[in-house]
Amino acid sequence: MDDMVDTPARVIDVTDPWLPVPHRFRHANEPLPRTWDALYGPLRRGCVDDLMVVAQLGQSIDGRITTNGHQPTYINGAAGLDHLHRLRALVDAVVVGVGTAVSDDPQLTVRRVAGPNPARVVIDPRGRLGAAARLLRPDGARRIIVTGDGCRAAFADGVEVMHMALTAGMAAPSAILAGLRQKGFRRILIEGGARTISEFLAAGCLDRLHVMVAPMLVGAGQPSLCLPPGLSADGALRPPVKAHVLDGEVLFDIDLSARRLPL
Ligand SMILES: NC(=O)c1ccc[n+]([C@@H]2O[C@H](COP(=O)([O-])OP(=O)(O)OC[C@H]3O[C@@H](n4cnc5c(N)ncnc54)[C@H](OP(=O)(O)O)[C@@H]3O)[C@@H](O)[C@H]2O)c1
């Protein structure tokens, strides 16, 4: 999450090699420029159905996604944050859980790199998100709240609401994806927090997972992924993984397509 402070508008640098990538990613059949193809090429289309669902999480070496200081502190450095904004620029919709929306008040816009803003989706089964949340600001991007069938909260004008059946307070990730597909989204970024990503992973609803490990040890702080036991017969998943070093941070690009359930 990089959204805890307002940043000034970005000045477009016409020599920036990233500049053509978001358009080419969506519209051209040829590979992306080599610098970007290994990391972002696999996100162009899903291989299980017509969706491509990628999750990204930044964590410390000791597996924490937040620090425990009085002020929110970024886990990732500049390269990690640029990567997150590149992902946002490539997807149609970005999804967060209401825990993140309430604690960080993120904007979920593309500000560090060139590219279009995705639609913003928050999973808020009980209608906890206040109307002043920054991700609900009208700026031309679609804003969607996924909430429980019985939720009677009033949401801000222009915000689309997806009512979902809940089981033990939770909506099935596959049903959330089906609803987003119906709204026209094909590439979807699950941006956190750990609980939301864990639910999507456990439900077989991720094609890829990007875990960005920052070179720091945090001690106390919110833990990263927490998965139920029994994900595989021998007790561990061993998906294909590629590691990329981004300016001192290590990005694990994890291919989960073999356990992704088709919608
Ligand atoms: N390092 C990073 O990359 C990163 C990224 C994002 C966030 N964060 C940090 O993560 C923390 C928040 O993470 P978190 O794990 O506590 O919360 P979270 O995943 O942001 O939100 C969890 C909540 O969202 C709702 N939710 C999510 N999936 C749902 C589903 N399938 N069905 C129904 N409801 C669903 C539930 O709301 P209810 O509680 O209302 O039932 C759930 O408790 C923040 O401190 C934030 O700073 C870090």
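In what follows, every heavy atom counts, from backbone to side chain, and hydrogens, waters and symmetry copies are set aside. Numbering of ligands and ligand atoms starts at 1, following listing order.
The environment of CG in Asp50 is crowded: more than 12 heavy-atom neighbours from other residues, nucleotides or ligands sit within 6.0 Å. The 12-atom threshold is not exceeded at CD of Gln182, counting heavy atoms of other residues, nucleotides or ligands nearer than 6.0 Å. Residue-environment remark: CG (Asp247) stays at or below the threshold of 12 foreign heavy atoms within 6.0 Å.
Between Arg134 and Leu108, every side-chain heavy-atom pair lies at or beyond the 4.5 Å cut-off. Within the 4.5 Å cutoff, side-chain heavy atoms of Glu160 are placed close to those of Arg142. Looking at heavy atoms from C-beta onward, Met52 lies out of side-chain contact with Arg186 at the 4.5 angstrom threshold. Between Leu263 and Leu51, the closest side-chain pair of non-hydrogen atoms falls below 4.5 Å.
Of the charged side-chain nitrogens involved, none lies within less than 4.0 Å of a carboxylate oxygen, so that Asp255 and Lys242 do not count as a salt-bridged pair. A salt bridge does not link Asp139 with Arg143: none of the charged nitrogens is closer than 4.0 Å to a carboxylate oxygen.
For Asp253, the side chain to side chain donor-acceptor pair (under 3.5 Å) partners are Arg208, His210, not counting sequence neighbours. By the side chain to side chain donor-acceptor pair (under 3.5 Å) test, Asp82 is found to be paired with Arg112, residues two or more places apart in sequence or in another chain being considered.
When non-hydrogen atoms are compared, ligand 1 lies under 4.0 Å from the backbone of Thr196 as well as from its side chain.
Ligand 1 places these atoms under 4.0 Å from at least one heavy atom of Gly169: 33 (C). The Asp104 neighbourhood of ligand 1 comprises atoms 46 (C), 47 (O), with distances under 4.0 Å to a heavy atom of that residue. Interface of Ile65 with ligand 1, defined as ligand atoms under 4.0 Å from a residue heavy atom, comprises 1 (N), 8 (N), 9 (C), 10 (O), 48 (C).
Any N or O atom pair closer than 3.5 Å counts here, and Asp124 shares no such pair with ligand 1. For ligand 1, one of its N or O atoms has an N or O atom of Gly193 under 3.5 Å away. Remark: ligand 1 and Asn76 share no N or O pair separated by less than 3.5 Å (distance only, no angle test). Taking distance alone, with nitrogen or oxygen atoms compared against 3.5 Å, Gln59 stays at or beyond that limit from ligand 1. Residue-to-ligand polar distances keep Ile176 apart from ligand 1: every N/O pair is separated by 3.5 Å or more. For a threshold of 3.5 Å applied to N or O pairs, the pair formed by Thr100 and ligand 1 contains at least one separation below that value. The shortest N or O to N or O distance between Thr66 and ligand 1 is not below 3.5 Å. Taking distance alone, with nitrogen or oxygen atoms compared against 3.5 Å, Gln222 approaches ligand 1 more closely than that limit. Distances between N or O atoms of Pro125 and those of ligand 1 include no value under 3.5 Å. At under 3.5 Å, not a single nitrogen or oxygen of Met170, backbone or side chain, sits near a nitrogen or oxygen of ligand 1.
Every heavy atom of Val96 sits 4.0 Å or more from the atoms of ligand 1.
Among Cys151, Cys226, Ala194, Ala171, the residue whose heavy atom lies nearest to atom 31 (N) of ligand 1 is Ala171. In this structure, of Glu191, His210, Arg128, the residue bringing a heavy atom nearest to atom 5 (C) of ligand 1 is Glu191.
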